[in-house]
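Below is one structure, written out as structure tokens; comments come after it.
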Amino acid sequence: MAAFGDLSSRLTETFKNLRTKGKLSAADVDGTVREIRRALLDADVALEVVKAFTAKVRERALGDEVNKALNPAQQVVQIVNEELVGILGGEQRKLQFAKTPPTVIMLAGLQGSGKTTFAGKLAKKLQKDGHTPLLVAADLQRPNAVNQLQVVAEQADASIFAPEPGNGVGDPIAVSKAGVEHAKQKQYDTVIIDTAGRLGIDEELMRQASNIRTATRPDEVLFVIDSMIGQDAANTAKAFLEGVDFTGVVLSKLDGDTRGGAALSVASLTQRPIVFASTGEGLDDLEDFHPDRMASRILD
Ligand code: GDP
């Protein structure tokens with residue numbers, strides 16, 4: 001994974017310098033924390049997340065657990081690791097299924113974030129796990145969006161519910177509701193609703209997504225965010241949290257040359273868990289997200 005390459009090497013370098021020390025002075029700790037702060041900011045982690053993170057690391061690094069440690073430098077690395085796991089959401093969070101099927105999963109996010117691709121990946125994964133997903137095409141803004149979901153559904157060998165062609169633009173809320181009804185009738189056990197995205201945050205989009213949410217009462221609303229969007233991640237995530245609210249996050253394009261900021265900011269800023277990482281254009285490029293594994297990769 002190309003992601004985090006820079007951040008990872010910067011942190012490794014910082015800790016290498018620390019390892020040459022025996023006991024750590026307050027100045028050593030401050031110097032290290034300053035380096036961590038710079039590295040995180042350069043990786044496009046949101047400022048408020050960086051501030052909270054470094055304050056916590058500093059406080060712990062100046063405390064007894066480091067002072068009394070046999071290997072203080074190693075202890076600081078351990079603290080950074082633990083705090084990284086913390087901002088990435090702590091425990092792994094799995095997809096939540098409804099007690100009574102169908103489980104309704106709604107997707108939200110900006111256009112181009114990777115929603116439709118993720119819909120196909122999730123359908124494929126669910127089928128592999130023995131589920132019977134139905135994809136619902138509720139992105140009726142872009143003329144090609146329904147086709148695109150159809151292509152993805154075909155690749156995933158999954159069923160799709162889409163408005164009849166030639167029926168005009170259609171109402172995404174009605175289509176979503178009809179999709180869930182169809183799933184009930186035909187006994188699909190999961191419904192994946194692909195909603196419209198816009199290039200920027202836009203009130204109408206938020207209202208539409210929020211109305212789809214109210215109409216279909218999803219068990220999960222997954223916010224798909226492009227890991228490459230850097231500092232915009234904070235505002236985008238907050239806007240979707242406020243406008244639609246979501247239960248979990250999908251980080252997409254983690255295979256790309258991202259500096260990692262979005263990944264490191266979004267769980268902490270929104271207090272919503274990252275459930276999946278999308279790591280390529282192929283439908284098999286999907287991983288369950290493990291905060292501890294991600295932290296280890298960054299500190300590798
Ligand atoms: P949507 O507008 O949110 O539905 O986004 P799409 O699913 O159409 O994805 C936009 C573009 O990003 C497409 O060219 C996808 O092939 C690409 N894409 C989606 N997910 C990933 C990913 O995890 N990695 C990479 N490298 N590309 C992705």
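Counting convention: from 1, in listed order, for ligands and their atoms alike.
With hydrogens left out, the protein atom closest to atom 3 (O) of ligand 1 is K115 N, 2.8 Å, a heavy atom. Nearest protein heavy-atom neighbour of atom 8 (O) of ligand 1: Q148 NE2, 2.7 Å. Of the protein's non-hydrogen atoms, G280 O, 3.1 Å is the one closest to atom 22 (C) of ligand 1. T117 OG1, 3.5 Å is the protein heavy atom nearest to atom 19 (C) of ligand 1. The protein heavy atom nearest to atom 4 (O) of ligand 1 is T116 OG1, 2.7 Å. The nearest heavy-atom contact from the protein to atom 24 (N) of ligand 1 is D255 OD1, 2.8 Å.
Here R58 contributes atom CZ and I36 contributes atom CD1; the two are 12.0 Å apart, rounded to the nearest 0.5 Å.
No heavy atom of G197 sits closer than 4.0 Å to any atom of ligand 1. Not a single heavy atom of D285 sits under 4.0 Å from any atom of ligand 1. Residue G109 places every heavy atom at 4.0 Å or more from ligand 1.
A 6.0 Å sphere centred on CZ of R272 holds more than 12 heavy atoms belonging to other residues, nucleotides or ligands.
Using modelled atom types, one finds no donor on one side chain facing an acceptor on the other under 3.5 Å when comparing T195 with K115. Checked by atom type, the side-chain pair T214/N211 shows no donor-acceptor distance below 3.5 Å. Side-chain contact annotation: Q78 with E82, donor-acceptor N/O pair under 3.5 Å present. Counting only N and O atoms by type, the side chains of D194 and T116 include a donor and acceptor under 3.5 Å apart. Side chains of N144 and N147: a donor-acceptor N/O pair is present below 3.5 angstrom, by distance only.
With E281, K253, E287 as candidates, the residue nearest to atom 11 (C) of ligand 1 on a non-hydrogen basis is K253.
The closest side-chain heavy-atom distance from D226 to L110 is not below 4.5 Å.
Residue-level proximity to ligand 1 for L254 is absent, since no heavy atom of it falls below 4.0 angstrom.
Ring centroids of F223 and F240 are separated by less than 6.0 Å, placing the two rings close together. For F97 and H131, the gap between ring centers is short of 6.0 Å.
Numbered from 1 in the order shown, with element, the atoms of ligand 1 that lie under 4.0 Å from a heavy atom of K121 read 23 (O). Heavy-atom contacts of L110 reach the following atoms of ligand 1: 3 (O) (cutoff under 4.0 Å).
Using a 4.0 Å cut-off between charged side-chain N and carboxylate O, K51 and E48 make no salt bridge.
Any N or O atom pair closer than 3.5 Å counts here, and Q111 shares no such pair with ligand 1. The shortest N or O to N or O distance between G114 and ligand 1 is below 3.5 Å. On a distance-only criterion, D194 and ligand 1 share no N/O pair closer than 3.5 Å. Residue G112 places at least one N or O, backbone or side chain, under 3.5 Å from an N or O of ligand 1.
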